[in-house]
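The sequence lines fix the lettering, A, B, ..., with proteins before strands; numbering per chain opens at 1. Not measured: the values here are computed from a predicted model.
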Number of protein chains: 2
Amino acid sequence: MDMNAQQRANSGTDGHNLRPEDLAAVARLPLFCDLSPALLAEITVEASVTKYARNDIIFRQGDIPNALRVVLDGQVGLTGTIADGGETMVEILKAGEMFIPAAVLTEKPFLMSAVALQPSRILSLPGERFRRDVREKSDLAYVMLTSLSRHFRSLVREVKDLKLKSAAQRLALYLIGLTTKREGSTIVRLPHSKSVIAARVGVRPETLSRAFSHLKGQGVVVDGNAVSIADIPALRAYCHEGEEII
Amino acid sequence: MDMNAQQRANSGTDGHNLRPEDLAAVARLPLFCDLSPALLAEITVEASVTKYARNDIIFRQGDIPNALRVVLDGQVGLTGTIADGGETMVEILKAGEMFIPAAVLTEKPFLMSAVALQPSRILSLPGERFRRDVREKSDLAYVMLTSLSRHFRSLVREVKDLKLKSAAQRLALYLIGLTTKREGSTIVRLPHSKSVIAARVGVRPETLSRAFSHLKGQGVVVDGNAVSIADIPALRAYCHEGEEII
DNA sequence: GGGAACACTTGACGTTGGTCAACTCATCTA
DNA sequence: TAGATGAGTTGACCAACGTCAAGTGTTCCC
């Protein structure tokens, strides 16, 4: 929770703020891997890497964004808060994912706070520079556009699920999102605490607990943070996954 | 509901499919007004205008997108459907608004169906051509990026509201979105039927009715499709509008 | 080893919103 | 004018989820 716990982790050498291994990590990101090495080097000239401890606040809802962020390592949660104390997890990001592009591009206050759910290393691309790069380098603009489009579609799915599906169905969707397989049975490890998952799914922890026992009827067995799914297609059917396309 | 009710409304003259008055209308759109006339003319070379009657389906969830659409006149609703019969209105668009950029850019199936809520004229920018234009013309890419960013943020707000606010609060937010004033009292006309508004707010029509009577306590009086709001700031306070920034 | 702190679960109960049915009212049509 | 139709409202009831409280580990720390 302590903003001061964060540490700069730069080592400026060649006029570039990034260490070579960080630059290499950035180049491997699905987000930027289509960019030419020259362009990549250029847009990261002013970039820096910051470390955050678990529960450190990266920024707060309402702040003005000063940099586009990319998770290099760890986990970041984006939580929305309203005045009467309500709080929810809008998104959970893992290594390789970019966040808050929309706030940086529009220069509007954050709609969410960001908190490190695990010790994390975060890349910052300063906003002023980034906006200029996007305006001037059409390859970058195109990459951002496709990335934001994909992200946009996942939010549309989220809105539909919130409006149309039950808590147990949304939990099932979340579990399916954790598996890599599409058939048969599997065991997945929950990557977050159950209270974090509850906030992500959009229910209270008590309700999450009940949703899990509800899913026993669908062949889902929980033991600590290990979840065994007996029949993946059956679970997909239960939450109508993939059936949205009528 | 009849796909065949739509009519092509083109009149090709100068190798351009658009009538001059349609081109002028496009140039006035907040979306494209920052583009140079030359660029605008270029991206609209293959554009066409289609008319739809009330309740015509413009496309269906699951279809592969073939063109970016812009509402020139009328109203369009985007509805999401799930397999067990549930349906909800994710968005309602009015004249001047673009839709489905994300599906066109990613070439993925629509997550929603589009229906004309009023007799409407819709501009189509063919997908193949549009994707090429976005890749080659950086001004266009930048405009799309800022537009999609704004849109993205409104969806984030939507997710937060769905997770954290009551039906009556979401209705109040919807009503506030209809007013232009920020203070005092006002009377707004509901631009859609109440069943459409119910789907938009994310409740059943019966619940919308009850939410309206609930809002009487906040100075909201309904008479047909005229809604009088006695105290706009009080209504904003009721649904915590603008207080998200803690 | 004792106990404080935390995460999670379970039960009892209240509130919100969905469901079903009846009813009103306006519009449209024969 | 009578009847049909559709939108909206209202009431009774129910299911889903939130709230509050108690209870069970588990971990951590002295």
Side-chain angles (χ1 to χ4, degrees), chain A residues 1 53-55 77 82 84-89 115 117-118 160-175 189-218 220-227 238-239, chain B residues 1 54-55 77 82 84-89 115 117-118 161-175 189-218 220-227 238-239:
Chain A
M1 288 289 180
R54 191 174 132 91
N55 292 331
I82 61 168
D84 65 357
E87 187 171 321
T88 192
M89 182 82 54
V115 55
L117 300 176
Q118 296 293 336
K160 283 171 61 177
D161 293 344
L162 285 169
K163 281 184 165 183
L164 296 172
K165 289 177 183 170
S166 69
Q169 285 175 316
R170 295 200 307 270
L171 172 58
L173 277 172
Y174 171 80
L175 293 175
R189 259 185 73 85
L190 300 177
H192 325 283
S193 73
K194 286 187 184 154
S195 22
V196 168
I197 294 173
R200 173 70 251 275
V201 171
V203 296
R204 301 284 139 180
E206 297 94 322
T207 303
L208 184 80
S209 219
R210 288 168 182 128
F212 266 123
S213 30
H214 191 87
L215 288 185
K216 271 180 197 144
Q218 311 296 327
V220 174
V221 178
V222 190
D223 176 26
N225 61 6
V227 177
Y238 170 72
C239 54
Chain B
M1 286 293 180
R54 191 174 132 92
N55 291 333
I82 62 169
D84 65 357
E87 187 171 322
T88 191
M89 182 81 55
V115 55
L117 300 176
Q118 296 293 336
D161 293 343
L162 285 169
K163 281 183 163 183
L164 295 172
K165 289 177 183 171
S166 70
Q169 284 175 317
R170 295 200 307 271
L171 172 57
L173 277 172
Y174 171 81
L175 294 175
R189 261 185 74 84
L190 299 177
H192 325 284
S193 72
K194 286 187 185 155
S195 21
V196 167
I197 294 173
R200 174 68 251 275
V201 171
V203 296
R204 301 284 140 182
E206 297 94 322
T207 303
L208 185 79
S209 220
R210 290 172 180 124
F212 266 124
S213 30
H214 191 86
L215 288 184
K216 270 178 197 146
Q218 312 298 324
V220 174
V221 178
V222 190
D223 176 27
N225 61 6
V227 177
Y238 170 73
C239 55

Euclidean distance, atom CG of residue Leu164(B) to atom P of dG17(C) [Å, nearest integer] | 13 Å

Give one of base, sugar-phosphate or nothing for Ser166(A), where a contact means two heavy atoms less than 4.0 Å apart.
-> sugar-phosphate

Whole angstrom value for the distance that separates P of dC17(D) from NZ of Lys165(A) = 14 Å

Please report the closest heavy-atom contact between Lys194(A) and Leu208(A), naming both atoms and the distance.
-> O-CD2, 3.3 Å

Does Ser193(A) make a side-chain N or O approach to OP1 or OP2 of dA7(C) shorter than 4.0 Å?
-> no

Check whether any side-chain heavy atom of Gln169(B) lies under 4.5 Å from a side-chain heavy atom of Leu164(B), and answer yes or no.
-> no

Which sits closer to the 5' end of DNA chain D, His214(A) or Pro205(B), going by the nucleotide each is nearest to?
-> Pro205(B)

Among the candidates dG17(C), dT10(C), dC8(C), find the nucleotide nearest to the side-chain atoms of Ala167(B).
-> dG17(C)

Would you kindly check whether a donor in the side chain of Glu206(A) faces an acceptor in the base of dC8(C), or vice versa, at under 3.5 angstrom?
-> no

Return yes when atom NE2 of His214(B) has more than 12 non-hydrogen atoms of other residues, nucleotides or ligands closer than 6.0 Å, and no otherwise.
-> no

d(NZ, Lys194(B); C1', dT10(D)) in whole Å = 13 Å

Just to confirm, is there a sub-4.0 Å distance from OP1 or OP2 of dT9(D) to any side-chain nitrogen or oxygen of Ser209(B)?
-> yes

Val196(A) side chain reached by Met89(A) side chain, heavy atoms, under 4.5 Å = yes

Leu175(A) side chain reached by Leu190(A) side chain, heavy atoms, under 4.5 Å = yes

In whole Å, what is the span from the NZ atom of Lys163(B) to the C1' atom of dC17(D)?
-> 15 Å

Over how many whole Å does the gap from His192(B) atom NE2 to dG8(D) atom C1' extend?
-> 17 Å

Rounded interatomic separation in angstrom, taking CG from Leu162(B) and P from dT16(C) | 18 Å

Tell me whether the OP1 or OP2 atom of dT9(C) has a side-chain N or O from Arg210(A) closer than 4.0 Å.
-> no

Answer yes or no: does a side-chain N or O of Ser195(A) lie under 4.0 Å from OP1 or OP2 of dC8(C)?
-> yes

Between atom CD in Gln169(B) and atom C1' in dG17(C), what is the gap in whole Å?
-> 14 Å

Within this structure, what is the CZ-to-P distance between Phe212(B) and dT16(C), rounded to whole angstrom?
-> 19 Å

